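Structure first, then comments.
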Amino acid sequence: MVYVMSDLHGYPLEKFLAFLKKSGFTEKDFLVIIGDVIDRGSDGARILEWIIEQDNVELLLGNHELMMLKCEFAFMEINEGTVQSITSEKMRSLKNWAKNGAEPTLTGLSKLPREKLLRIVEYLKGCSYYEDVKIGNRRFVLVHGGLPDYRKGKPLDRYDPYNLVWHRPSLDEVYDGDFTVILGHTPTWHYGDRYKGRMIKTKSWINIDTGVAFGLDPMLLRLDDMQAFYIK
Ligand SMILES: [Mn+2]
């Protein structure tokens with residue numbers, strides 16, 4: 001079966017693995033994480049390390065992974081002693097990432113052997129912005145932020161990648177295609193206290209970012225039977 005989750009934001013790895021197991025996830029299942037496994041919390045680098053070792057787990061890009069990739073120079077060139085130049089553009093990228101909770105991720109990454117760091121960076125460079133999956137007779141589009149400037153029938157590869165990971169749909173945003181969009185990025189409490197820690201299901205999309213970045217726990221959604229799993 002296919003499970004999805006989003007926005008782990010450095011959630012403690014052992015707690016995350018225990019939650020997966022408790023929800024019935026086994027090596028026969030597949031897990032798609034819809035972006036933002038790093039930053040804010042302590043275990044972002046450990047989660048990345050874990051993901052690259054799994055055959056049945058796929059990470060889609062979130063805005064935080066994109067910010068990390070833009071700062072590749074910070075832990076590659078410096079580590080290697082080959083810093084060519086820190087341009088003002090690089091400084092801006094670093095400042096932006098730092099502002100968004102990069103510190104624990106950088107600390108974790110700096111402890112890894114260089115070879116593993118390289119593997120993680122190469123893995124992230126190969127990640128997709130979205131996944132279009134069919135389960136039974138239902139179609140799902142998995143994407144971190146949503147579908148900005150939605151137009152019916154517009155191929156997914158025609159959307160601006162940057163906006164796919166930064167978009168925040170309003171509750172009444174409608175995607176009138178033959179699919180349900182599963183997204184994260186905007187903690188559900190952002191839409192009102194009554195959604196705090198729970199997923200939001202609209203006619204067109206389901207938001208599964210339960211707010212780990214703000215001290216809450218992640219959730220899992222199993223697409224085959226639409227069963228939702230919560231820690232509490
Ligand atoms: Mn995000």
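Order of listing sets the numbers, starting from 1, for every ligand and every atom in it. Just so it is clear, the structure is predicted and the values come from calculations on it, not from any experiment.
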- request: Decide whether Asp157 and Tyr130 meet the rule of one side-chain donor and one side-chain acceptor closer than 3.5 Å.
  value: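 Side-chain D/A pair, Asp157 to Tyr130: absent.
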
query: Does any donor atom in the side chain of Asn100 or His64 lie under 3.5 Å from an acceptor atom in the other side chain?
result: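 Side-chain D/A pair, Asn100 to His64: absent.
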
- prompt: Ile208 pairs by side-chain contact (heavy atoms from CB on, under 4.5 Å) with which of Ile34, Asp7, Leu142, Ile200?
  reply: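 Among Ile34, Asp7, Leu142, Ile200, the one that satisfies the side-chain contact (heavy atoms from CB on, under 4.5 Å) with Ile208 is Ile34.
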
- request: May I ask you to test the Met199-Asn207 pair for a side-chain heavy-atom distance under 4.5 Å?
  value: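 They are not in contact (no side-chain heavy atoms under 4.5 Å apart), so the answer is no.
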
message: Is the shortest side-chain heavy-atom distance between Leu147 and Trp205 below 4.5 Å?
response: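 They are not in contact (no side-chain heavy atoms under 4.5 Å apart), so the answer is no.
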
Do any N/O/S atoms of [X] come under 2.8 Å of the Mn ion (ligand 1)?
| X | answer |
| --- | --- |
| Thr186 | no |
| His185 | yes |
| Asp7 | no |

query: Of all the N, O or S atoms in His144, which one sits nearest to the Mn ion (ligand 1)?
result: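 Closest N, O or S atom of His144 to the Mn ion (ligand 1): NE2.
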
message: To make sure I understand the geometry: which N, O or S atom in Asp36 is closest to the Mn ion (ligand 1)?
response: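 Per the distance ranking, Asp36 contributes OD2 as its closest N/O/S atom to the Mn ion (ligand 1).
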
